[in-house]
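Note that this is a predicted model, so its numbers are computed, not measured. Note on naming: letters A, B, ... go to the chains in the order of the sequence lines (proteins, then strands), and numbering restarts at 1 for each one.
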Amino acid sequence: MDPQDLLDLLDDQQARRLRVIENLLRGRKTVSTLYWGQRYDLLYLLSLDKHLARGGLDTVAQTLVSQKMATWLPAEQPQLRLTALGRKQRDQAVTFRPKTQALWPQITLGLARQRLLLSVQVVSQYAHQTARYYPLTTDLATRQAVRQWFHQVKSPELATQVFTALTASLTRLPPMTAQVVTAGFSGYQQPGLTVQQLAQDLQRTPWEVYLRHVDGVVQIAQDARQTDHPLHALLAPAWQTAVTRSAQATLRAVATTDLTLDQVAVQRHIKPSTVREHLLEAAIMLPVTAVPYDRLLPPATRQALLAVLPAQLDDWEYTALPVALQQRFDFFTFRLLAILCDKEGDHHAGTPDD
Amino acid sequence: MPEPLTTSLQAVFGYSQFRAGQEAALTALEAGQDTLAVLPTGAGKTLIYQLYGYRHAGCVLIVSPLLALMTDQVNRMHLAGFRRVAAITSLTSFGERQMILAHLAQYQFLFLSPEMLAQPAMLARLRQLPLSLLVIDEAHCIVQWGPDFRPEYLLLGAIRERLGSPLTLMLTATADQATKGEIAKQLRTTPTEVTASLDRPNIFLDVEPVANDAAKRERLLTLVTQLVFPGVIYFSSKQLATDTAQWLRDQTGLPVAAYHAGLSSEDRFKIQQQFMQGDLAIICATSAFGMGIDKNDVRYVIHYHLPADLGSYAQEMGRAGRDGQPSLAVLLYAPGDERLPLTLNQANRPDDATIQRFYAHPQAFSVDDPGIALLTFYQQHGISATAVQALFERRERERGRALAQMLAYVREPQCLRARWLTTFDEVAPAHTATCCAPGKVALDLDALGLKRQPVSAPTPVAPSWQAQLRRLLIADAPR
Ligand SMILES: [Zn+2]
């Protein structure tokens, strides 16, 4: 990531923890990372760079600070805030905004990407009747899924169907994004260009090129949700896992029975704290309607807490609550209320003009 | 009576003739003799065990230290028409490993990394398999101390016995007498030796001393500007390979890419295929580049850093000129270049005090450190601190000796080819004008016919993405 890419992830009103951004990119789905990811409106970064090393953004952050674009805030975890100069720089740059960004936390990107790339290669070689070629290196599960899919859909029309479907998806995106996605495909007489090479050709940062690539993959996967799409059987499974299976089971148990959270823990053979983590994860990742807020946060609870909490959501601190309230309501309840308020758009932090 | 070897060769690969060494190795194996084949890069070593596996029931078990490249190898076997092939390494996912283990008996070729083979559970499973052949690839790793050294190779002798001492093929591109003896000793066998000449007469050898790093960079640029494509430049670090690729691209406008183990497998695939297809003029590589590349028309290989030994050097520069056409191997040398391989030699080697402290309190150390990981391995296999010290000292002496041979090549005043080949106990042909240019002799690219003719290539117009997608997926699209 180049400094200008990180600049785009920071704010002048809201100090942001570099570790949260790093953990989002690395796909570390702890409740704390997810919560702050939501607060920063950066959940779309989730699992985008699984190979990023711990501390992998430190150098880039230091560069921004030394350029006086951002300042460190001394805190338990280092936080970054844009300076006026940084804000100006950020607003002046024509930054790329992925069109499908809101969908990114909902998709298992690695799965969708690998399946799409391998299936395009297979169809391309099939269309040109090449029997022997080097397949892209993928894991066994991807190879099996693509092989199975291919045997089911193989027909003389397949290549044209895939071409039509991909063209329709890519037409919905900016031409440069369509170009990035197409040039990155491997297939007949086309090894495909790497992100670095495309960045060089297009005079963009590798990060932006990568975001464009992801935008294209997600757009294609989104269109493939239609059952008559040629890649439907292959890509639809990428949408099933926004929340872990285990968290889904917990949510189901809470939403469909009258058991207390501790009873759910016993029934599911998991720790009571895990039940609460599952619910917070689901609350962050799923729409408001998916979580039984009325049961978990009765009106009296909301009123009691909201009466003493600051207007700015980012200023909420559990340990700053009066001791009596801390004894009545656990951290889970406090955090769940914060998630609900965020989702309902109350108490939204940030600048008036964004 | 099985069919003649040439009949099998024709049936499987469609060739009518073996290359040097292949038939001799197969004949020895067919006679039930363990075989050590020392064949140069590009001699088609894999064909030996592929054909043997084709001719005999049971499983061919291949032990190879090159983890990342094993998948490549499996792909290439698939490509060659072998279906029942699998690889298990530490990079294999748990699910995939379970899947392979569940169908173990069905595989005709099984690639295993040494550390996988050393696991008792794995060994127990393999003991139940009917093995037709055990292949030790890169067998020189048994004695080589370097970044790719795997301590598990030291267990191979014992493992081989546990497997019932199956017929064994040892493969390497490089081994002097001492190394060959050590391989045989470690594997507890007296193999038939099959060798082919290492010499590559069509590769002109050149050593160029330069004053310092800046001069080296300038010389590289001059060479790259003048030489015909395609070429490979080897570096000892990923960073320098990456930076130089960028610099050369900026300076020359040529399509140049970097290739190293730090790239994602997707990027490695793309760069490799671009190079194979002729989209790239130059690859700036680390030693990770090579095995997966079957490119015959590489015209030159330049070494920007000093390789750690002559064997590795021969293997890397040997990637030039597989088509038999005139090619060039350049070694750039600045005073002090030998410090880098020396440091690399010692980098992972724990000193005596560390060894003592480790053996006293193993728990106090982190296995993240490669040196400590090595010590942990030795300790777990019951090797004493004193024995480990002796082992390290011996390896360091061997590395020192190998580096001295490398430097002797660099400083050779008369004939580089003679220096190289005699190091490997081979008699060199007489020096001629098309043989080599030692340090004090200037390189004449015109005479070699390797000078690039200036061509004004039209700038290719990038097709629209729609046209590109159409070409990719529709067979009769305009090309
Ligand atoms: Zn000579």
Side-chain angles (χ1 to χ4, degrees), chain A residues 51 113-114 117-118 120-121 123-144 156 158-167 170-171 173 175-197 200-202 216, chain B residues 68 71-72 74-76 78-81 86-87 91-100 242 245-246 249-250 255-259 262-280 292 294 462-477 479:
Chain A
H51 297 292
R113 231 178 71 74
Q114 290 213 31
L117 295 183
L118 184 59
V120 166
Q121 187 194 22
V123 173
S124 168
Q125 300 287 4
Y126 170 67
H128 292 90
Q129 297 172 338
T130 328
R132 290 181 176 185
Y133 56 90
Y134 285 101
L136 280 163
T137 322
T138 55
D139 56 35
L140 182 71
T142 304
R143 292 200 297 279
Q144 283 177 331
L158 177 64
T160 311
Q161 287 165 357
V162 171
F163 171 72
T164 309
L166 294 184
T167 305
L170 295 178
T171 308
L173 299 169
M176 187 185 280
T177 302
Q179 193 185 345
V180 163
V181 177
T182 309
F185 282 140
S186 303
Y188 178 71
Q189 289 187 356
Q190 178 175 317
L193 296 178
T194 66
V195 164
Q196 288 290 342
Q197 289 172 326
Q200 185 93 18
D201 290 354
L202 299 169
Chain B
T71 326
D72 257 12
V74 172
N75 279 339
R76 293 202 293 156
H78 283 152
L79 210 56
L91 305 175
T92 314
S93 71
F94 179 78
E96 184 161 359
R97 203 179 298 174
Q98 293 311 109
M99 177 85 184
I100 296 170
T242 307
Q246 172 80 48
R249 202 162 43 220
D250 294 346
V256 185
Y259 184 102
L263 296 178
S264 68
S265 59
E266 184 182 322
D267 284 358
R268 280 209 303 269
F269 172 91
K270 287 175 171 175
I271 303 283
Q272 262 185 34
Q273 297 300 314
Q274 289 170 11
F275 191 60
M276 298 286 284
Q277 189 176 297
D279 293 349
L280 292 173
D294 283 328
S464 72
W465 68 263
Q466 291 94 337
Q468 192 173 10
L469 193 61
R470 178 176 288 278
R471 265 193 344 208
L472 194 61
L473 291 167
I474 310 294
D476 53 8
R479 305 205 72 81

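Without hydrogens or angle criteria, Lys270(B) side chain to Leu193(A) main chain gives a donor-acceptor distance under 3.5 Å. Judged purely by atom type and a 3.5 angstrom limit, Gln125(A) has no side-chain atom pairing as donor or acceptor with the backbone of Pro135(A). Under the 3.5 Å distance criterion, the side-chain polar atoms of Gln190(A) are left unmatched by any main-chain donor or acceptor of Leu472(B). Under the 3.5 Å distance criterion, the side-chain polar atoms of Ser186(A) are left unmatched by any main-chain donor or acceptor of Gln121(A).
Proximity to chain B involves both the backbone and the side chain of Ala183(A), based on heavy atoms less than 4.5 angstrom apart. With a 4.5 Å cut-off on non-hydrogen atoms, Gln196(A) does not touch chain B at all. Neither the backbone nor the side chain of Gln129(A) has a heavy atom closer than 4.5 Å to any heavy atom of chain B. Interface remark: Thr171(A) contributes backbone and side-chain atoms alike to the contact with chain B (heavy atom separation under 4.5 Å). Of the two parts of Leu117(A), only the side chain, counted from C-beta on, holds a non-hydrogen atom closer than 4.5 Å to a non-hydrogen atom of chain B. With a 4.5 angstrom heavy-atom cutoff, Gln114(A) does not touch chain B via any of its atoms. If you measure heavy-atom distances from Gln274(B) to chain A, the contacts under 4.5 Å come from both the backbone and the side chain.
Looking only at atom types and distance, the side chain of Gln468(B) has no donor-acceptor partner in the side chain of Arg471(B) under 3.5 Å away.
Between Leu469(B) and the choices Thr167(A), Val120(A), Val162(A), the side chain to side chain contact (heavy atoms under 4.5 Å, CB included) rule is met once, by Thr167(A).
Contacts with chain B were tallied for Thr137(A), Leu136(A), Asp201(A); Leu136(A) has the most, counting heavy-atom pairs under 4.5 Å.
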